[in-house]
Amino acid sequence: MELVDGVYKIGGVKAVDLAAQFGTPLYVYDLEKMKNQYEKLERAFQGTKVSFKYACKALTNLNILKYFKDLGTGLDTVSIGEVQLGLQVGFDPKDIIYTPNSVSMSEIKEVVDLGVHINIDNISILEQFGHEYADSVPVCIRINPHIMAGEHSHISTGHIDSKFGISIHQMRHVERVIQTNNMKVIGLHMHTGSDILDIEVFLRAAEILFETAAMFKGLEYLDFGSGFKVGYKEDDVTTDLQELGQRLSKRFSEFCKEYGKELELWFEPGKFLVSEAGYFLSSVNVVKQTTATVFAGVDSGFNHLIRPMFYDAYHHIVNVSNPKGTPRIYTVVGYICESDTFAWDRKIGEIKEGDVLVFHNAGAYGFSMSSNYNSRFRPAEVAVHDNEAHLIRKRESLDDLTKNLVMAEFEVLT
Ligand SMILES: *Cc1c(COP(=O)(O)O)cnc(C)c1O
């Protein structure tokens with residue numbers, strides 16, 4: 001969002017106009033920003049055989065999936081539903097990887113029939129898969145290198161007690177299963193968490209993957225998952241892409257020489273591609289002064305943007321209705337009937353009831369984690385492209401709350 005001549009604009013369109021035209025609460029995505037992020041990744045790994053699979057659980061709107069397909073990304077999916085959405089917008093199954101956790105063998109079989117890459121993250125399924133398909137369906141194996149990433153332990157998936165991946169210490173067992181069932185392993189995968197800040201940590205995990213790779217002769221790709229950090233607060237440290245790209249590319253190319261074959265380097269960025277491109281617009285219903293706090297109560301809650309309550313995430317908030325307003329201190333709360341706080345003690349341009357607040361970094365895990373809690377409708381979604389706003393999902397209505405309901409006839413027993 002830019003402040004142009006005293007007016008806040010998202011992708012060239014006035015934020016207050018978006019709120020007026022489409023109503024609030026509203027998700028707005030700036031497609032150009034997504035493209036820029038993708039190009040940053042491409043630049044950082046220039047010269048390497050690299051492929052980026054957009055991790056679509058971050059934002060699953062079909063228009064966004066289609067946009068990434070047109071940009072040239074692949075797709076990272078965690079459910080058969082996501083695979084089907086990807087196929088629906090025309091992704092080639094070969095460009096989709098299915099990386100589920102704790103799913104049934106029956107779902108995995110259905111996904112095999114769709115022709116996408118299968119990533120297996122536990123030995124039980126690996127055995128069942130080998131028994132079923134032997135070498136007729138190649139697999140990728142998800143490894144847990146036991147590397148801790150980031151300070152937020154709940155979005156770190158590589159540590160010792162994590163439910164994700166097969167422990168690096170179980171590779172002998174994996175080898176047995178592979179050999180006994182004559183399986184074909186074409187990829188190794190790791191995804192250590194959401195915040196890789198420390199390039200050294202990332203490279204250490206990479207070494208573990210390289211070492212493990214020596215065990216498998218028929219590899220085609222190594223998938224390093226995600227972990228690209230984006231800034232939420234102004235002074236947040238973000239991943240130094242250029243440095244990571246140069247160092248990992250160099251090491252990867254050395255590894256390929258040792259391995260004796262040029263493999264592909266894969267990544268699965270979600271947040272990095274869409275977080276900063278997304279904005280969440282909400283109107284202030286009530287300004288309420290209590291003994292110690294000024295609350296700004298908005299027409300939304302954790303049913304629409306759960307990250308502050310769920311992850312204690314920080315989302316920068318701007319009052320776009322009052323760009324020149326004197327900054328005052330507010331606690332921004334939602335309308336859900338329980339603790340529902342977006343932000344404590346924030347300096348925001350003076351707020352009047354009816355003003356529109358814009359939450360930054362709302363592209364990733366915003367709409368895709370929204371719910372109907374409190375029987376509230378999910379917001380509309382708008383994509384801004386080439387200075388024009390396009391509605392890409394209608395706001396829900398009462399029908400959406402009741403369409404799957406079945407009214408049974410229960411009589412009160414007397
Ligand atoms: C969620 C997820 C990602 C994307 O993570 P971000 O933090 O959004 O980049 C990548 N790979 C896998 C397997 C995931 O589950």
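Each ligand, and each atom within it, is numbered from 1 in the order the structure gives. Values below: all heavy atoms of this structure, side chains included; hydrogens, waters and symmetry mates excluded.
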Checklist entry - Between F342 and F359, does the ring centroid distance fall short of 6.0 Å? => result yes

Checklist entry - D76 heavy atoms, cut-off 4.0 Å: which ligand 1 atoms fall inside? => result 10 (C), 11 (N), 12 (C), 13 (C)

Checklist entry - If you measure from each non-hydrogen atom of A55 to ligand 1, which part falls under 4.0 Å: side chain, backbone, both or neither? => result side chain

Next on the checklist: What I want to know is whether G270 and ligand 1 share at least one N or O pair that is separated by under 3.5 angstrom.
Outcome noted: yes

Next on the checklist: Donor-acceptor check, side chain of R378 to backbone of S370, threshold 3.5 angstrom: yes or no?
Outcome noted: yes

Checklist entry - Can a non-hydrogen atom of Y365 be found less than 4.0 Å from any atom of ligand 1? => result yes

Item to check | Residues that Y133 engages under side-chain contact (heavy atoms from CB on, under 4.5 Å), provided they are two or more places apart | outcome: M105, K109, V112, F129, S136, V137

Checklist entry - Hey, does the Lys NZ or Arg CZ of K233 hover above the aromatic six-ring of Y314, less than 6.0 Å from the centre and inside 45° of the axis? => result yes

Checklist entry - Can you tell which of S275, S226, P269 gets a heavy atom nearest to atom 6 (P) of ligand 1? => result S226

Item to check | Qualifying residues under side-chain contact (heavy atoms from CB on, under 4.5 Å), relative to S283, sequence neighbours excluded | outcome: T24, D299, V356

Checklist outcome for this item: Quick look: E268 vs ligand 1, heavy-atom contacts under 4.0 Å, and the answer is both

Checklist entry - Which of parallel (below 30°), tilted (30 to 60°) and perpendicular (above 60°) describes W266 and H117? => result perpendicular

Checklist entry - Taking distance alone, with no angle check, do T99 and ligand 1 share an N/O pair under 3.5 Å? => result no

Checklist entry - Is the closest N or O pair between K271 and ligand 1 shorter than 3.5 Å? => result yes

